[in-house]
Engineer: 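What follows is a single structure, and I will ask about it in a moment.
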Amino acid sequence: INEALKAAIQFLGDLERNKTVTQRTISVTLNILFCLFINTAVVVVMVNAQFDASFMNSMGFLEDLGKDGETDYSSAWYRSVGFPVVSTMFINCFSPHAAPLSKLITEPIKRCIYTCT
């Protein structure tokens, strides 16, 4: 979902008609940051939190929101909700750098294979 969201935001960034490439890059980056934050942290915490959603129930939607969640910010909450959120954030921080780092390892091996054969 996050990758499709990034592609959609980049496409919409082209339609914004920014005057410079820098303005487009800033706009796309901020939009992606905002959407990934909402998707990664806020939605997961809201779905897994336990709180009184009676104001939403009175409107007729989200009846099940907050019924099965953990008590907010307890050790059980951190094990079931907090740790997956933090793990996802770490993965999102380091995964973009995996491909360039892997080239540091694979390029010398490829050169050795091509020159040795």
Side-chain angles (χ1 to χ4, degrees):
I1 292 176
N2 287 343
E3 294 302 318
L5 188 62
K6 287 180 191 177
I9 289 174
Q10 288 176 351
F11 173 75
L12 292 174
D14 293 334
L15 299 177
E16 286 180 358
R17 298 183 186 195
N18 292 307
K19 293 181 181 178
T20 64
V21 174
T22 303
Q23 286 178 341
R24 181 195 178 279
T25 303
I26 291 170
S27 173
V28 168
T29 303
L30 290 176
N31 288 334
I32 289 174
L33 174 72
F34 176 72
C35 291
L36 290 180
F37 174 74
I38 296 295
N39 191 22
T40 302
V42 175
V43 170
V44 174
V45 170
M46 284 185 63
V47 166
N48 292 302
Q50 181 180 2
F51 58 92
D52 182 22
S54 59
F55 67 95
M56 290 185 184
N57 291 340
S58 65
M59 292 186 274
F61 61 95
L62 300 176
E63 288 101 14
D64 295 329
L65 186 65
K67 287 185 179 176
D68 296 329
E70 298 288 341
T71 305
D72 291 338
Y73 308 118
S74 66
S75 61
W77 178 89
Y78 183 76
R79 280 192 303 273
S80 64
V81 179
F83 180 72
V85 169
V86 171
S87 299
T88 303
M89 288 172 26
F90 275 121
I91 290 169
N92 285 338
C93 286
F94 295 113
S95 63
H97 307 291
L101 289 176
S102 69
K103 285 185 179 180
L104 290 174
I105 298 169
T106 58
E107 291 299 321
I109 294 172
K110 286 180 183 178
R111 270 196 309 267
C112 181
I113 290 172
Y114 292 132
T115 57
C116 294
T117 57

Engineer: Indicate the atoms forming the closest heavy-atom contact of I9 with C35, along with that distance.
Structural biologist: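 Answer, listing the atom of I9 first, then C35: CD1-SG, 3.6 Å.
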Engineer: Give a yes or no on whether I91 and L101 share a hydrophobic cluster (residues Ile, Leu, Val, Met, Phe, Trp, Tyr; joining criterion: side-chain heavy atoms under 4.5 Å apart).
Structural biologist: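 I91 and L101: separate clusters.
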Engineer: Considering only Ile, Leu, Val, Met, Phe, Trp and Tyr, and joining two whenever side-chain heavy atoms are under 4.5 Å apart, list the other residues clustered with F11.
Structural biologist: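 Once heavy-atom contacts under 4.5 Å are chained together, F11 belongs with L12, L15.
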Engineer: Minimum heavy-atom separation for R24 and N18, please, with both atom names.
Structural biologist: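 In terms of heavy atoms, the two residues are closest at CA-ND2, 3.1 Å.
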Engineer: For C93 and P96, which heavy atoms make the closest approach, and how far apart are they?
Structural biologist: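 Minimum heavy-atom separation between C93 and P96: O-CD, 3.7 Å.
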Engineer: Establish whether F94 and L104 are linked, either directly or via other cluster members, by ILVMFWY side-chain heavy-atom contacts under 4.5 Å.
Structural biologist: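 No, F94 does not connect to L104 through the hydrophobic network.
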Engineer: From I109 CD1 over to K103 NZ, what is the distance, rounded to the nearest 0.5 angstrom?
Structural biologist: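 One gets 14.5 Å once the value is rounded to the nearest 0.5 Å.
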Engineer: OG1/T106 to CZ/R111 distance, rounded to the nearest 0.5 angstrom?
Structural biologist: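 Atom-to-atom, T106:OG1 and R111:CZ are 9.5 Å apart.
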Engineer: Applying side chain to side chain donor-acceptor pair (under 3.5 Å), name anything that partners S27, two or more places apart in sequence or on another chain.
Structural biologist: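 With sequence neighbours excluded, S27 shows a side chain to side chain donor-acceptor pair (under 3.5 Å) to E16, given in chain and number order.
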Engineer: Residues sharing I26's hydrophobic cluster, by side-chain heavy-atom contacts under 4.5 Å among ILVMFWY, directly or via others?
Structural biologist: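 L30, listed by chain and number.
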